[in-house]
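These notes concern the structure reproduced below.
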Protein chains: 2
Amino acid sequence: MSRAETSRRGSRPSRAGIRDVAAAAGVSITTVSDALNGKGRLPDATRRHVREVADRLGYRPSAAARTLRTGKSGLIGLTVTTYGDEPFTFTEFAYFAEMARAATSAALARGYALVILPATSRHDVWSNVALDGTVVIDPSDQDPVVSELVRQGLPVVSDGRPAGSLPVTAWVDNDHEAAVLGILDHLADAGARRIGLLTGTTTDTYTHLSTTAYLRWCERVGQDPVYEAYPAHDPCAGAVAADRLLARPDRPDAVYGLFDPNGTDLLAAARRYGLRVPDDLLLVCCSESTVYANTEPPITTLSLKPRRIGTAVVQLLIDAIEGVESDDPVEQVIPTELIVRTSSQRRPPRTTVSPPRSPEER
Amino acid sequence: MSRAETSRRGSRPSRAGIRDVAAAAGVSITTVSDALNGKGRLPDATRRHVREVADRLGYRPSAAARTLRTGKSGLIGLTVTTYGDEPFTFTEFAYFAEMARAATSAALARGYALVILPATSRHDVWSNVALDGTVVIDPSDQDPVVSELVRQGLPVVSDGRPAGSLPVTAWVDNDHEAAVLGILDHLADAGARRIGLLTGTTTDTYTHLSTTAYLRWCERVGQDPVYEAYPAHDPCAGAVAADRLLARPDRPDAVYGLFDPNGTDLLAAARRYGLRVPDDLLLVCCSESTVYANTEPPITTLSLKPRRIGTAVVQLLIDAIEGVESDDPVEQVIPTELIVRTSSQRRPPRTTVSPPRSPEER
DNA sequence: TGACCTTGCAGAAACGTGTCTGTCAACGGC
DNA sequence: GCCGTTGACAGACACGTTTCTGCAAGGTCA
């Protein structure tokens with residue numbers, strides 16, 4: 001009347017449990033658990049024997065039972081912003097893909113897996129999965145999801161400096177203001193007299209910080225601001241806004257576009273108005289896409305280093321989960337990288353295609 | 001000496017359990033469970049009362065305990081192919097992002113969440129998470145992960161027709177052969193005399209089917225094949241291969257590129273050789289990226305409809321998990337869509353920029 | 001009036017682990 | 001020869017649900 005017998009009575013030969021292993025190896029459940037988890041004081045012979053029997057039976061411990069017992073699931077939530085019913089935004093594809101890829105790798109390397117979750121406050125979907133912690137991308141001010149998670153005692157790390165007094169455990173971000181100022185100086189160095197901005201109407205931190213940095217720079221150098229804003233989640237509106245910007249009477253002779261597709265948008269608009277790039281118009285946009293290395297001309301891009309951000313976010317989160325007293329600060333600023341190509345150099349040394357970047361580059 | 005008292009003895013006011021709710025509401029645990037899950041036979045008054053007390057205590061059922069008890073976790077694995085240590089391939093970014101986005105939405109709508117997992121056969125990461133089923137993207141022949149999962153009795157649905165005798169529960173794929181034949185006919189109709197192919201050296205099903213379809217088409221119409229193959233996961237190699245293709249003595253007057261970046265690769269190569277698109281060279285590539293609507297000229301692309309594929313894959317999987325006798329076949333073929341732009345029309349009606357696609361389009 | 005059904009709810013058995021406590025033998029020191 | 005110590009293991013409980021079984025009260029019908 002052993003439990004092994006009971007479980008075998010179920011019509012299916014279901015999965016082998018720890019009891020079956022114990023019975024087959026002629027030891028107790030405790031010994032099996034200790035042998036497989038490397039705990040307790042057992043002679044190596046017993047340990048090896050148990051491991052061999054477990055392998056032979058194809059034993060896989062139940063993740064649910066382990067989670068229930070230990071309180072750790074090995075699962076990390078990855079919250080993505082939503083527009084309407086669809087998760088993710090349109091403009092952040094490449095950034096998000098790179099960031100998620102790096103985060104997945106980093107989590108896997110430490111034995112965790114990522115669960116994709118929407119940034120809605122619907123409890124049913126969130127409480128249906130046991131999380132050890134959560135990564136939040138660009139949380140809005142007073143985000144209800146973050147508050148709820150923190151209230152439950154779960155560590156939350158955000159990609160993007162949290163607005164207001166959002167009580168995140170840690171955060172990682174670029175210095176967006178410094179990045180914008182750097183680009184504006186770069187364009188001015190290349191000979192730009194009037195620099196325009198293609199920006200968004202949304203209120204997220206990235207858009208806000210970048211725009212105010214632009215306005216401050218204009219004020220400092222005494223240039224009138226020349227910018228157009230559009231709803232960044234609308235893939236059509238970017239081309240229209242780019243056209244508007246170049247159609248203005250005070251047409252800029254250099255433009256920085258905050259969003260990924262702005263490069264081709266602006267390039268197309270420039271062609272429509274007969275403007276040569278970079279001779280008549282200098283161009284920079286913020287993008288992680290490699291297509292800008294092969295456009296005509298290749299376009300200078302600002303990389304936010306999503307891979308480094310994804311890695312850092314996960315490391316901070318897992319440190320917090322495991323209670324590691326990390327030496328790293330809970331606020332990490334990842335430097336951006338300006339990849340200078342033909343479109344922002346008034347006198348390019350040559351007109352050859354810039355060499356492709358190596359794949360190891362991060 | 002109630003359990004509620006016991007749990008309160010723990011220094012933390014941890015989370016309220018079902019026992020606490022039962023005690024606070026003055027009913028039994030059974031009644032709480034039935035009231036919250038809409039089961040059993042309870043008067044509405046009791047149901048409302050229990051719900052209210054649960055809300056007041058901020059009760060959230062433990063996902064781990066529920067999973068252990070019911071055997072369902074509400075978690076679906078999303079397996080991505082890996083190159084080296086990194087998950088995902090470089091060339092499939094836009095496709096994968098769109099597909100994952102649709103899959104996430106579809107899963108969420110039915111109460112499931114997606115877990116990103118690598119296609120390695122390492123047991124430790126797989127057995128650490130309780131899955132109800134798995135989506136596998138482009139599984140290789142004799143994939144050990146798939147075999148292992150099926151052996152455990154988990155349903156597996158693959159994006160991409162499984163090679164060999166891989167025992168998947170269901171699969172979804174495009175008709176890649178028909179798509180290639182359609183493109184070749186389209187290019188021939190536009191006046192192409194010698195059509196070239198930019199393909200990959202990898203052995204995955206997509207590359208294989210597409211290439212053989214091209215070779216068969218060439219044989220049928222009596223054209224000598226003109227193609228270059230390169231390792232698609234290397235972002236640099238594409239530009240080099242495009243250059244090689246146009247440098248050949250038997251230079252093609254039309255090219256189809258199998259991978260996402262091939263459009264800009266080929267466009268750049270064409271400019272280097274002074275070839276006008278579409279006058280001297282017709283161009284089509286397979287891509288989900290919207291940048292090709294704004295290149296100069298806009299490039300005709302083949303869309304594999306990743307959103308429909310992602311949705312279909314998840315629906316089939318959840319149907320299998322929940323034992324729904326679906327009317328849908330277990331093998332679904334999603335039609336591709338050729339988005340015709342200037343680059344493949346020898347006599348474009350006008351040279352205006354093609355209108356951006358509406359965001360609702362799927 | 002008893003047999004029988006329905007309603008409203010309580011008790012307790014699982015689910016499969018990890019781990020605390022306890023037992024038994026061997027062993028060494030005094 | 002007794003006691004404390006240590007090694008190697010077994011028993012039992014707890015994690016927090018869901019659900020099967022069952023009980024009592026009240027109503028219906030022959």
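Below, chains carry the letters A, B, ... as their sequence lines are ordered, and counting in each starts from 1. If you're wondering where the values come from, they're calculated on a predicted model, not measured in any experiment.
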Do Asn37(A) side-chain atoms and Lys39(A) backbone N/O form a donor-acceptor pair below 3.5 Å? no

Backbone of Gly74(B) reached by a side-chain donor or acceptor of Asp132(B) within 3.5 Å: yes

Need to verify one output field. Residue with the more 5' nearest nucleotide on DNA chain D, Ala65(B) or Leu42(A)? Leu42(A)

Would you tabulate the side-chain donor-acceptor contacts of residues 148-158 of chain A under 3.5 Å, counting partners in other chains and residues two or more places apart, or write 'none'?
| unit_1 | atom_1 | unit_2 | atom_2 | d |
| --- | --- | --- | --- | --- |
| Glu148(A) | OE1 | Arg151(A) | NH2 | 3.4 |
| Glu148(A) | OE2 | Gln152(A) | NE2 | 3.0 |
| Glu148(A) | OE2 | Arg60(B) | NE | 3.1 |
| Glu148(A) | OE2 | Arg60(B) | NH2 | 3.4 |
| Ser158(A) | OG | Gly160(A) | O | 2.7 |

Is the base of dT18(D) touched by the side chain of Arg69(B) through a donor-acceptor pair closer than 3.5 angstrom? yes

Along nucleotides 20-25 of chain D, 5' to 3', which nucleotides get a B, which get an S, and which get a -, given that the test is a protein heavy-atom distance under 4.0 Å? B-----

Contact class for Ser33(A) (heavy atom, under 4.0 Å): base, sugar-phosphate, or nothing? base

Heavy-atom pair with the smallest gap, counting every atom of Val168(B) and Val146(B): CG1-CG1, 4.1 Å

Has the side chain of Ser73(B) got a donor or acceptor atom that lies under 3.5 Å from a matching backbone atom of Ala130(B)? yes

Using a 4.0 Å heavy-atom cut-off, does Ile29(B) contact any base of the nucleic acid, only the sugar-phosphate backbone, or nothing at all? base

So what does Thr31(B) hit on the nucleic acid, given a heavy-atom distance under 4.0 Å: a base, only sugar-phosphate, or nothing? sugar-phosphate

Contact class for Thr46(B) (heavy atom, under 4.0 Å): base, sugar-phosphate, or nothing? sugar-phosphate

Shorter than 3.5 Å, N or O on both sides, protein versus nucleotides 26-28 of chain C: list them out with atom names.
none

